[in-house]
Amino acid sequence: PDFMLKDTDGRAHSLKQYLDSGKTVVVSWFNANCPLIIRHYEKYTTFTDLDKAYAKKGIVFLAINSTNPNHPQFGGDADRKKNWHIQYPILLDPDGVVGKLYAAKTTPHVFVITSDGVVRYAGAIDDDPQRHRLNASRRQPFTHLGPQKRRQLISDEPVQDPPRLLRIDQIHRDLAR
């Protein structure tokens with residue numbers, strides 16, 4: 001479903017504007033204070049690396065924060081965007097409308113939407129079953145959506161064995177609503 005949200009700089013973005021230009025869009029739910037987001041932007045640079053690799057192929061990344069402004073974890077998006085060298089917009093969804101529209105459950109909850117508006121993927125960014133421990137005790141690093149799965153996402157191939165979405169860090173949008 002289409003949406004229009006403002007980013008941390010006050011600029012409006014709609015899903016339609018990207019789809020109409022023939023882009024595949026990767027939407028990821030974001031909270032600057034979520035330990036999993038911190039891990040994927042600060043420790044492993046998962047999302048910024050994927051953005052760099054796929055921007056050349058016409059794939060657009062958007063982060064959406066649906067955290068309620070009254071929640072203690074709200075805020076810090078613009079600072080983290082700068083500190084983590086995020087080149088794509090962080091969109092603000094303070095009412096949680098878009099989060100509910102997509103049934104986004106956690107941060108990060110990733111959606112890949114093709115230029116014809118089809119959601120090709122909705123789920124996790126990695127297959128780490130111990131996300132809440134931030135991978136501290138594992139010798140092997142967790143597996144991101146590897147090259148084969150990424151290729152499957154941007155083609156017509158079905159995604160084989162997608163990572164399972166765990167409800168570790170739920171989106172904080174229910175307070176004061």
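Atom set for the values below is all heavy atoms of this structure, side chains included, hydrogens, waters and symmetry mates excluded.
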Aromatic contact, F47 with F30 (centres under 6.0 Å): no

Shared hydrophobic cluster, M4 / V60 (ILVMFWY, side-chain heavy atoms < 4.5 Å): no

Taking every non-hydrogen atom, the tightest pair across N65 and A32: ND2-N, 4.4 Å

Exam field: side chain T114 to backbone V118, donor-acceptor pair closer than 3.5 Å: yes

Sidechain-backbone polar pair: D93 side chain, V97 backbone, donor-acceptor under 3.5 Å: yes

Spacing of W84 atom CH2 and I38 atom CD1 [to the nearest 0.5 Å]: 5.0 Å

Considering all heavy atoms, the nearest P108-L36 contact: CD-CB, 3.9 Å

Considering all heavy atoms, the nearest G99-W29 contact: CA-CZ2, 3.6 Å

Whether T45 side chain and T48 backbone form a donor-acceptor pair below 3.5 Å: no

Heavy-atom closest contact (V27 atom, F3 atom, distance): CG2-CZ, 4.5 Å

Pairwise distance CG(L5) to CG(L62) - rounded to 0.5 angstrom: 9.0 Å

Min side-chain heavy-atom separation K81-I86 under 4.5 Å: yes

Reported NZ-to-CZ distance for the pair K23 and F61, which is rounded to 0.5 angstrom: 13.0 Å

Heavy-atom side-chain contact between R80 and N33 under 4.5 Å: yes

Donor-acceptor contact below 3.5 Å, side chain N68 vs main chain N70: yes

T8 side chain reached by P89 side chain, heavy atoms, under 4.5 Å: no

R120 CZ to T24 OG1 distance, which is reported to the nearest 0.5 Å: 9.0 Å

Polar side chain donor-acceptor pair, N31 to T67, under 3.5 angstrom: yes

Pairwise side-chain contact, V26 with Y54, heavy-atom cut-off 4.5 Å (strictly under): no

Y18-L101 co-clustered via ILVMFWY side chain contacts under 4.5 Å: yes

Check: F111 ring centroid to Y102 ring centroid under 6.0 Å: yes

H13 NE2 to D7 CG distance, which is reported to the nearest 0.5 Å: 3.5 Å

I113 CD1 to L15 CG distance, which is reported to the nearest 0.5 Å: 5.0 Å

